[in-house]
Protein chains: 2
Amino acid sequence: MAGISDILKRNQLSITDSRKKILDYFLQSDGALAHADIEKMSGDKFDRVTIYRTLQTFVEKGIIHTIPTSDNSVKYALCKDECVAGHHHDDHIHFLCDDCGTTYCLESNVPPVQLPIGFSASRTDVVVSGKCGKCSN
Amino acid sequence: MAGISDILKRNQLSITDSRKKILDYFLQSDGALAHADIEKMSGDKFDRVTIYRTLQTFVEKGIIHTIPTSDNSVKYALCKDECVAGHHHDDHIHFLCDDCGTTYCLESNVPPVQLPIGFSASRTDVVVSGKCGKCSN
DNA sequence: AATGTTTTGCAACCCCGTTGCATTTGGTTA
DNA sequence: TAACCAAATGCAACGGGGTTGCAAAACATT
Ligand SMILES: [Mn+2]
Ligand SMILES: [Mn+2]
Ligand SMILES: [Zn+2]
Ligand SMILES: [Zn+2]
(Lines give C-alpha, C1' and ligand atoms only; values in the text may rest on other atoms or scores of the structure.)
(Ligands and ions follow the chains in the order given, each with its own letter.)
Protein backbone atom coordinates (compact mmCIF):
# COMPACT_ATOMS: atom_id res chain seq x y z
CA MET A 1 0.00 0.00 0.00
CA ALA A 2 3.01 2.28 0.39
CA GLY A 3 3.12 3.88 -2.96
CA ILE A 4 0.08 3.51 -5.10
CA SER A 5 -1.72 6.58 -3.85
CA ASP A 6 1.55 8.50 -3.86
CA ILE A 7 2.11 7.75 -7.52
CA LEU A 8 -1.35 9.01 -8.35
CA LYS A 9 -0.90 12.16 -6.25
CA ARG A 10 2.49 12.89 -7.74
CA ASN A 11 0.82 12.91 -11.16
CA GLN A 12 -2.02 15.12 -10.02
CA LEU A 13 -4.61 12.41 -10.43
CA SER A 14 -7.51 12.03 -8.07
CA ILE A 15 -7.45 8.78 -6.18
CA THR A 16 -10.20 6.44 -7.23
CA ASP A 17 -10.83 2.75 -6.79
CA SER A 18 -10.26 1.86 -10.42
CA ARG A 19 -7.01 3.80 -10.70
CA LYS A 20 -5.62 2.25 -7.54
CA LYS A 21 -6.60 -1.24 -8.60
CA ILE A 22 -5.34 -0.98 -12.18
CA LEU A 23 -2.07 0.59 -11.11
CA ASP A 24 -1.69 -2.23 -8.61
CA TYR A 25 -2.09 -4.80 -11.37
CA PHE A 26 0.88 -3.29 -13.15
CA LEU A 27 3.01 -3.13 -10.01
CA GLN A 28 2.33 -6.79 -9.27
CA SER A 29 2.81 -8.06 -12.82
CA ASP A 30 6.25 -8.77 -14.23
CA GLY A 31 5.09 -8.53 -17.82
CA ALA A 32 3.03 -6.12 -19.82
CA LEU A 33 -0.75 -6.08 -19.68
CA ALA A 34 -3.35 -5.73 -22.39
CA HIS A 35 -6.74 -4.19 -21.89
CA ALA A 36 -8.26 -7.65 -22.06
CA ASP A 37 -5.97 -8.89 -19.28
CA ILE A 38 -7.11 -6.15 -16.95
CA GLU A 39 -10.71 -6.78 -17.86
CA LYS A 40 -10.33 -10.44 -16.91
CA MET A 41 -8.48 -9.70 -13.67
CA SER A 42 -10.98 -7.16 -12.49
CA GLY A 43 -14.02 -9.26 -13.27
CA ASP A 44 -16.99 -6.95 -13.36
CA LYS A 45 -15.54 -4.48 -10.89
CA PHE A 46 -15.26 -1.69 -13.45
CA ASP A 47 -16.75 -0.93 -16.80
CA ARG A 48 -14.71 -1.58 -19.95
CA VAL A 49 -14.79 2.09 -20.73
CA THR A 50 -13.30 3.00 -17.39
CA ILE A 51 -10.38 0.71 -18.08
CA TYR A 52 -9.82 2.30 -21.48
CA ARG A 53 -9.89 5.77 -20.01
CA THR A 54 -7.65 4.86 -17.10
CA LEU A 55 -5.02 3.35 -19.39
CA GLN A 56 -5.21 6.43 -21.59
CA THR A 57 -4.75 8.71 -18.58
CA PHE A 58 -1.78 6.70 -17.30
CA VAL A 59 -0.11 6.90 -20.71
CA GLU A 60 -0.61 10.66 -20.88
CA LYS A 61 0.88 11.06 -17.42
CA GLY A 62 3.92 8.95 -18.22
CA ILE A 63 3.04 6.20 -15.76
CA ILE A 64 2.77 3.48 -18.39
CA HIS A 65 3.81 3.20 -22.03
CA THR A 66 2.37 1.31 -24.97
CA ILE A 67 4.10 -1.58 -26.68
CA PRO A 68 3.35 -2.35 -30.32
CA THR A 69 3.24 -6.09 -30.88
CA SER A 70 3.59 -8.04 -34.09
CA ASP A 71 0.14 -9.52 -33.63
CA ASN A 72 -1.35 -6.08 -33.68
CA SER A 73 -2.63 -5.78 -30.15
CA VAL A 74 -1.66 -3.03 -27.76
CA LYS A 75 0.03 -3.85 -24.49
CA TYR A 76 0.99 -1.57 -21.64
CA ALA A 77 3.85 -1.61 -19.16
CA LEU A 78 5.15 0.59 -16.37
CA CYS A 79 7.46 3.37 -17.44
CA LYS A 80 10.88 3.99 -16.02
CA ASP A 81 11.19 6.81 -13.55
CA GLU A 82 12.41 9.30 -16.13
CA CYS A 83 9.12 9.38 -17.98
CA VAL A 84 6.95 12.39 -17.38
CA ALA A 85 3.69 13.64 -18.77
CA GLY A 86 3.88 14.15 -22.51
CA HIS A 87 7.42 12.87 -22.86
CA HIS A 88 8.37 9.22 -22.70
CA HIS A 89 11.90 7.87 -22.44
CA ASP A 90 11.32 4.20 -23.05
CA ASP A 91 14.12 3.45 -25.46
CA HIS A 92 14.46 -0.16 -24.44
CA ILE A 93 13.55 -3.15 -26.54
CA HIS A 94 10.57 -5.43 -26.00
CA PHE A 95 10.25 -9.17 -26.08
CA LEU A 96 7.10 -11.12 -26.88
CA CYS A 97 7.08 -14.81 -25.99
CA ASP A 98 5.43 -16.94 -28.65
CA ASP A 99 4.64 -19.67 -26.11
CA CYS A 100 3.22 -18.01 -23.00
CA GLY A 101 2.36 -14.69 -24.61
CA THR A 102 4.14 -12.66 -21.95
CA THR A 103 5.58 -9.33 -23.05
CA TYR A 104 8.74 -8.15 -21.32
CA CYS A 105 10.50 -4.80 -21.17
CA LEU A 106 14.17 -5.65 -21.55
CA GLU A 107 17.18 -3.75 -20.28
CA SER A 108 18.84 -3.54 -23.68
CA ASN A 109 18.49 -0.18 -25.35
CA VAL A 110 17.42 0.13 -28.96
CA PRO A 111 20.47 -0.09 -31.20
CA PRO A 112 21.29 2.73 -33.62
CA VAL A 113 19.96 2.15 -37.12
CA GLN A 114 21.18 3.43 -40.46
CA LEU A 115 18.67 5.62 -42.31
CA PRO A 116 18.76 6.89 -45.91
CA ILE A 117 19.87 10.46 -46.58
CA GLY A 118 17.16 12.91 -45.66
CA PHE A 119 15.38 10.61 -43.26
CA SER A 120 15.25 11.47 -39.57
CA ALA A 121 13.99 9.36 -36.68
CA SER A 122 11.72 10.46 -33.89
CA ARG A 123 11.11 7.06 -32.40
CA THR A 124 12.34 3.50 -32.84
CA ASP A 125 10.41 0.42 -31.79
CA VAL A 126 12.19 -2.90 -31.52
CA VAL A 127 10.03 -5.92 -30.82
CA VAL A 128 11.67 -9.33 -30.59
CA SER A 129 9.55 -12.46 -30.70
CA GLY A 130 10.65 -15.88 -29.57
CA LYS A 131 10.90 -18.03 -26.44
CA CYS A 132 11.33 -16.47 -23.05
CA GLY A 133 13.45 -17.88 -20.22
CA LYS A 134 10.59 -19.67 -18.55
CA CYS A 135 9.45 -21.37 -21.75
CA SER A 136 12.90 -22.52 -22.92
CA ASN A 137 13.09 -25.64 -20.73
CA MET B 1 3.07 -7.03 -69.08
CA ALA B 2 5.72 -9.62 -68.41
CA GLY B 3 5.14 -10.16 -64.75
CA ILE B 4 1.85 -10.09 -62.99
CA SER B 5 0.36 -13.31 -64.31
CA ASP B 6 3.75 -14.98 -64.13
CA ILE B 7 4.08 -14.15 -60.46
CA LEU B 8 0.69 -15.67 -59.78
CA LYS B 9 1.47 -18.79 -61.82
CA ARG B 10 4.83 -19.25 -60.17
CA ASN B 11 3.03 -19.36 -56.83
CA GLN B 12 0.39 -21.80 -58.04
CA LEU B 13 -2.40 -19.28 -57.77
CA SER B 14 -5.24 -19.14 -60.24
CA ILE B 15 -5.32 -15.92 -62.18
CA THR B 16 -8.28 -13.77 -61.26
CA ASP B 17 -9.16 -10.14 -61.80
CA SER B 18 -8.81 -9.17 -58.18
CA ARG B 19 -5.45 -10.86 -57.72
CA LYS B 20 -4.03 -9.26 -60.85
CA LYS B 21 -5.30 -5.84 -59.88
CA ILE B 22 -4.19 -5.96 -56.24
CA LEU B 23 -0.76 -7.28 -57.16
CA ASP B 24 -0.49 -4.47 -59.68
CA TYR B 25 -1.19 -1.91 -56.97
CA PHE B 26 1.82 -3.19 -55.04
CA LEU B 27 4.09 -3.22 -58.08
CA GLN B 28 3.18 0.37 -58.88
CA SER B 29 3.44 1.69 -55.32
CA ASP B 30 6.76 2.63 -53.77
CA GLY B 31 5.47 2.38 -50.21
CA ALA B 32 3.50 -0.17 -48.29
CA LEU B 33 -0.26 -0.48 -48.59
CA ALA B 34 -2.96 -1.01 -46.01
CA HIS B 35 -6.21 -2.78 -46.64
CA ALA B 36 -7.99 0.58 -46.58
CA ASP B 37 -5.66 1.95 -49.26
CA ILE B 38 -6.52 -0.88 -51.61
CA GLU B 39 -10.17 -0.51 -50.87
CA LYS B 40 -10.02 3.15 -51.86
CA MET B 41 -7.99 2.52 -55.01
CA SER B 42 -10.26 -0.22 -56.26
CA GLY B 43 -13.48 1.67 -55.63
CA ASP B 44 -16.28 -0.87 -55.65
CA LYS B 45 -14.57 -3.25 -58.01
CA PHE B 46 -14.20 -5.98 -55.40
CA ASP B 47 -15.75 -6.81 -52.11
CA ARG B 48 -13.88 -5.96 -48.89
CA VAL B 49 -13.73 -9.63 -48.05
CA THR B 50 -12.04 -10.48 -51.32
CA ILE B 51 -9.33 -7.95 -50.54
CA TYR B 52 -8.79 -9.46 -47.10
CA ARG B 53 -8.57 -12.95 -48.52
CA THR B 54 -6.28 -11.91 -51.35
CA LEU B 55 -3.86 -10.19 -48.98
CA GLN B 56 -3.90 -13.23 -46.75
CA THR B 57 -3.16 -15.50 -49.69
CA PHE B 58 -0.30 -13.29 -50.86
CA VAL B 59 1.25 -13.36 -47.39
CA GLU B 60 1.01 -17.14 -47.21
CA LYS B 61 2.67 -17.46 -50.60
CA GLY B 62 5.50 -15.12 -49.69
CA ILE B 63 4.53 -12.47 -52.24
CA ILE B 64 3.97 -9.75 -49.64
CA HIS B 65 4.83 -9.39 -45.97
CA THR B 66 3.13 -7.60 -43.11
CA ILE B 67 4.58 -4.58 -41.34
CA PRO B 68 3.60 -3.86 -37.74
CA THR B 69 3.21 -0.14 -37.21
CA SER B 70 3.27 1.83 -34.00
CA ASP B 71 -0.26 3.07 -34.62
CA ASN B 72 -1.47 -0.50 -34.60
CA SER B 73 -2.56 -0.87 -38.20
CA VAL B 74 -1.30 -3.55 -40.53
CA LYS B 75 0.47 -2.60 -43.73
CA TYR B 76 1.70 -4.84 -46.52
CA ALA B 77 4.66 -4.61 -48.87
CA LEU B 78 6.21 -6.73 -51.60
CA CYS B 79 8.68 -9.31 -50.39
CA LYS B 80 12.21 -9.71 -51.66
CA ASP B 81 12.78 -12.51 -54.11
CA GLU B 82 14.08 -14.90 -51.48
CA CYS B 83 10.72 -15.20 -49.75
CA VAL B 84 8.80 -18.37 -50.42
CA ALA B 85 5.56 -19.84 -49.14
CA GLY B 86 5.65 -20.33 -45.42
CA HIS B 87 9.08 -18.82 -44.93
CA HIS B 88 9.76 -15.11 -45.09
CA HIS B 89 13.19 -13.52 -45.21
CA ASP B 90 12.33 -9.90 -44.64
CA ASP B 91 14.93 -8.98 -42.08
CA HIS B 92 15.09 -5.35 -43.09
CA ILE B 93 13.89 -2.43 -41.03
CA HIS B 94 10.80 -0.35 -41.74
CA PHE B 95 10.24 3.38 -41.68
CA LEU B 96 6.94 5.12 -41.04
CA CYS B 97 6.73 8.81 -41.93
CA ASP B 98 4.82 10.83 -39.36
CA ASP B 99 3.98 13.48 -41.96
CA CYS B 100 2.83 11.74 -45.12
CA GLY B 101 2.10 8.38 -43.53
CA THR B 102 4.10 6.46 -46.11
CA THR B 103 5.71 3.23 -44.92
CA TYR B 104 9.02 2.24 -46.51
CA CYS B 105 10.98 -0.98 -46.55
CA LEU B 106 14.59 0.12 -46.01
CA GLU B 107 17.76 -1.60 -47.12
CA SER B 108 19.29 -1.69 -43.64
CA ASN B 109 19.04 -5.07 -41.99
CA VAL B 110 17.82 -5.44 -38.44
CA PRO B 111 20.76 -5.07 -36.05
CA PRO B 112 21.61 -7.84 -33.58
CA VAL B 113 20.08 -7.33 -30.15
CA GLN B 114 21.22 -8.54 -26.77
CA LEU B 115 18.76 -10.89 -25.05
CA PRO B 116 18.79 -12.16 -21.46
CA ILE B 117 20.07 -15.67 -20.75
CA GLY B 118 17.56 -18.29 -21.79
CA PHE B 119 15.75 -16.08 -24.26
CA SER B 120 15.86 -16.93 -27.95
CA ALA B 121 14.61 -14.88 -30.89
CA SER B 122 12.53 -16.13 -33.79
CA ARG B 123 11.78 -12.76 -35.30
CA THR B 124 12.78 -9.14 -34.80
CA ASP B 125 10.72 -6.17 -35.94
CA VAL B 126 12.31 -2.74 -36.13
CA VAL B 127 9.99 0.13 -36.95
CA VAL B 128 11.43 3.63 -37.10
CA SER B 129 9.11 6.63 -37.10
CA GLY B 130 10.07 10.11 -38.21
CA LYS B 131 10.31 12.24 -41.33
CA CYS B 132 11.01 10.70 -44.70
CA GLY B 133 13.16 12.28 -47.40
CA LYS B 134 10.26 13.86 -49.23
CA CYS B 135 8.88 15.48 -46.08
CA SER B 136 12.19 16.85 -44.78
CA ASN B 137 12.31 19.94 -47.01
C1' DA C 1 -21.63 18.81 5.77
C1' DA C 2 -22.07 21.60 1.33
C1' DT C 3 -20.07 22.74 -2.95
C1' DG C 4 -18.16 22.37 -7.57
C1' DT C 5 -15.35 19.37 -10.36
C1' DT C 6 -13.85 15.00 -11.97
C1' DT C 7 -14.74 10.30 -12.81
C1' DT C 8 -17.64 6.53 -13.67
C1' DG C 9 -21.28 3.51 -15.80
C1' DC C 10 -24.31 2.78 -19.36
C1' DA C 11 -26.04 2.84 -23.91
C1' DA C 12 -25.29 3.49 -28.37
C1' DC C 13 -22.43 3.62 -32.13
C1' DC C 14 -18.67 2.73 -35.65
C1' DC C 15 -14.73 0.37 -37.66
C1' DC C 16 -12.21 -3.64 -38.67
C1' DG C 17 -11.76 -8.26 -39.62
C1' DT C 18 -13.89 -13.05 -39.85
C1' DT C 19 -17.16 -16.78 -41.16
C1' DG C 20 -20.83 -19.54 -43.75
C1' DC C 21 -22.99 -20.26 -47.78
C1' DA C 22 -24.82 -19.73 -52.39
C1' DT C 23 -23.14 -18.16 -56.86
C1' DT C 24 -19.71 -17.29 -60.17
C1' DT C 25 -15.35 -17.93 -62.16
C1' DG C 26 -11.16 -20.32 -63.64
C1' DG C 27 -8.56 -24.53 -64.87
C1' DT C 28 -8.73 -29.11 -66.74
C1' DT C 29 -10.24 -32.76 -69.36
C1' DA C 30 -13.05 -35.07 -72.84
C1' DT D 1 -15.52 -26.17 -77.75
C1' DA D 2 -18.41 -28.04 -74.13
C1' DA D 3 -18.72 -30.09 -69.71
C1' DC D 4 -17.05 -30.77 -65.43
C1' DC D 5 -14.99 -29.96 -60.77
C1' DA D 6 -12.46 -27.13 -57.74
C1' DA D 7 -11.44 -22.69 -56.32
C1' DA D 8 -12.56 -17.85 -55.71
C1' DT D 9 -15.96 -14.33 -55.11
C1' DG D 10 -19.99 -11.60 -53.21
C1' DC D 11 -23.21 -11.05 -49.76
C1' DA D 12 -25.01 -11.08 -45.28
C1' DA D 13 -24.33 -11.71 -40.77
C1' DC D 14 -21.61 -11.81 -36.74
C1' DG D 15 -18.15 -10.48 -33.04
C1' DG D 16 -14.35 -7.99 -30.91
C1' DG D 17 -12.34 -3.72 -29.90
C1' DG D 18 -12.49 0.91 -29.22
C1' DT D 19 -14.96 5.60 -28.97
C1' DT D 20 -18.50 9.16 -27.63
C1' DG D 21 -22.41 11.61 -25.05
C1' DC D 22 -24.70 12.07 -21.10
C1' DA D 23 -26.64 11.35 -16.52
C1' DA D 24 -25.34 9.53 -11.98
C1' DA D 25 -21.82 8.81 -8.61
C1' DA D 26 -17.46 9.70 -6.40
C1' DC D 27 -13.81 12.77 -5.28
C1' DA D 28 -11.31 17.02 -3.46
C1' DT D 29 -11.95 21.35 -1.22
C1' DT D 30 -14.04 24.62 1.69
MN1 LIG E 1 8.74 -1.20 -22.12
MN1 LIG F 1 9.47 -4.68 -45.67
ZN1 LIG G 1 7.23 -17.45 -22.30
ZN1 LIG H 1 6.90 11.44 -45.66
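In what follows, chains carry the letters A, B, and so on, assigned in the order in which the sequence lines appear, proteins first and then strands, with residues in each chain numbered from 1.
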- Cluster link B/V110 to A/L96, ILVMFWY, side chain under 4.5 Å: no
- B/K9: salt bridge (charged side-chain N to carboxylate O under 4.0 Å, His left out) partners, not counting sequence neighbours: none
- Message: Do the side chains of B/K134 and B/D30 get close enough for a salt bridge, i.e. N-O under 4.0 angstrom?
- Response: yes
- Can you tell me how far C1' of C/dT8 sits from CD1 of A/I38, to the nearest Å? 16 Å
- Item | Distance in angstrom units between B/K61 NZ and D/dA7 P, rounded | 11 Å
- Message: Angle between the two end axes of the helix from C/dA1-D/dT30 to C/dC15-D/dG16, five base pairs per end, rounded to 10 degrees?
- Response: 30°
- Message: Tell me the interatomic distance from A/L55, atom CG, to D/dG17, atom P, rounded to whole angstroms.
- Response: 14 Å
- Item | Any donor-acceptor N/O pair, B/S108 side chain to A/Q114 backbone, under 3.5 Å | yes
- Task: Verify, without hydrogens or angle tests, whether A/H65 (side chain) and A/A77 (backbone) share a donor-acceptor contact under 3.5 angstrom.
- Result: yes
- Distance-only, no hydrogens or angles: does the B/N11 side chain make a donor-acceptor pair with backbone N or O of B/L8 under 3.5 Å? no
- Message: Base, sugar-phosphate or nothing for B/K9? Non-hydrogen atoms, less than 4.0 Å.
- Response: nothing
- Under 4.0 Å between any heavy atoms, over every strand shown, what does A/R19 touch: base, sugar-phosphate, or nothing? Just pick one. sugar-phosphate
- How bent is the helix from C/dG17-D/dC14 to C/dA30-D/dT1, comparing axes over its five end pairs at each side, to the nearest 10°? 30°
- Message: In this structure, how many angstroms lie between the P atom of C/dT24 and the CZ atom of B/F46, rounded?
- Response: 19 Å
- Query: Checking side chain to side chain contact (heavy atoms under 4.5 Å, CB included) against A/Y76, which of A/L33, A/V59, A/T103 comes through?
  - Reply: A/V59
- Query: Between A/S42 (side chain) and A/I38 (backbone), is there a donor-acceptor pair under 3.5 Å?
  - Reply: yes
- Message: Do B/S122 and A/D98 pair up side chain to side chain, a donor and an acceptor below 3.5 Å, judged on atom types alone?
- Response: yes
- Message: Does D/dA8 have its OP1 or OP2 closer than 4.0 Å to a side-chain nitrogen or oxygen of B/T50?
- Response: no
- Message: Can you confirm whether B/I22 sits close enough to B/I51 that some side-chain heavy atom of one is under 4.5 Å from a side-chain heavy atom of the other?
- Response: yes
- Query: Any idea which of D/dC11, C/dG9, C/dT18 is nearest the A/D47 side chain?
  - Reply: C/dG9
- Message: When you measure from the side chain of A/D47 to the backbone of A/V49, do you find a donor-acceptor pair of N or O atoms at a distance under 3.5 Å?
- Response: yes
- Task: In whole angstrom, give the distance that lies between atom NZ of B/K20 and atom P of D/dA8.
- Result: 15 Å
- Message: For B/R123, give me all partners under side chain to side chain contact (heavy atoms under 4.5 Å, CB included), at least two apart in sequence or on another chain.
- Response: A/S70, A/S129, B/T66, B/P68, B/D125
- Item | Atom-pair distance (CD1 on B/I51; C1' on D/dG10), nearest Å | 12 Å
- Message: Check the orientation of B/F119 and A/Y104. Use parallel for under 30°, tilted for 30 to 60°, and perpendicular for over 60°.
- Response: perpendicular
Give me, pair by pair, the N or O atoms of the protein and of nucleotides 25-30 of chain C that are less than 3.5 Å apart, along with how far apart they are.
from, atom 1, to, atom 2, distance (Å)
C/dG27, OP1, B/I15, N, 3.1

- Side chain of B/V49 (C-beta onward), nearest among C/dA11, D/dA12, D/dT9: D/dA12
When you compare the protein's N or O atoms with those of nucleotides 13-17 of chain C, which come within less than 3.5 Å of each other, and at what distance?
from, atom 1, to, atom 2, distance (Å)
C/dG17, OP2, B/Y52, OH, 2.9
C/dG17, N7, B/R48, NH1, 3.1
C/dG17, O6, B/R48, NH2, 3.2

- Determine yes or no for a side-chain-to-main-chain donor-acceptor pair under 3.5 angstrom, with A/S136 supplying the side chain and B/G118 the backbone. yes
- Query: A/R53 has an atom CZ; how far is it from atom C1' of D/dA26, in whole Å?
  - Reply: 14 Å
- Query: Between A/K45 (NZ) and C/dG9 (P), how many Å, whole number?
  - Reply: 12 Å
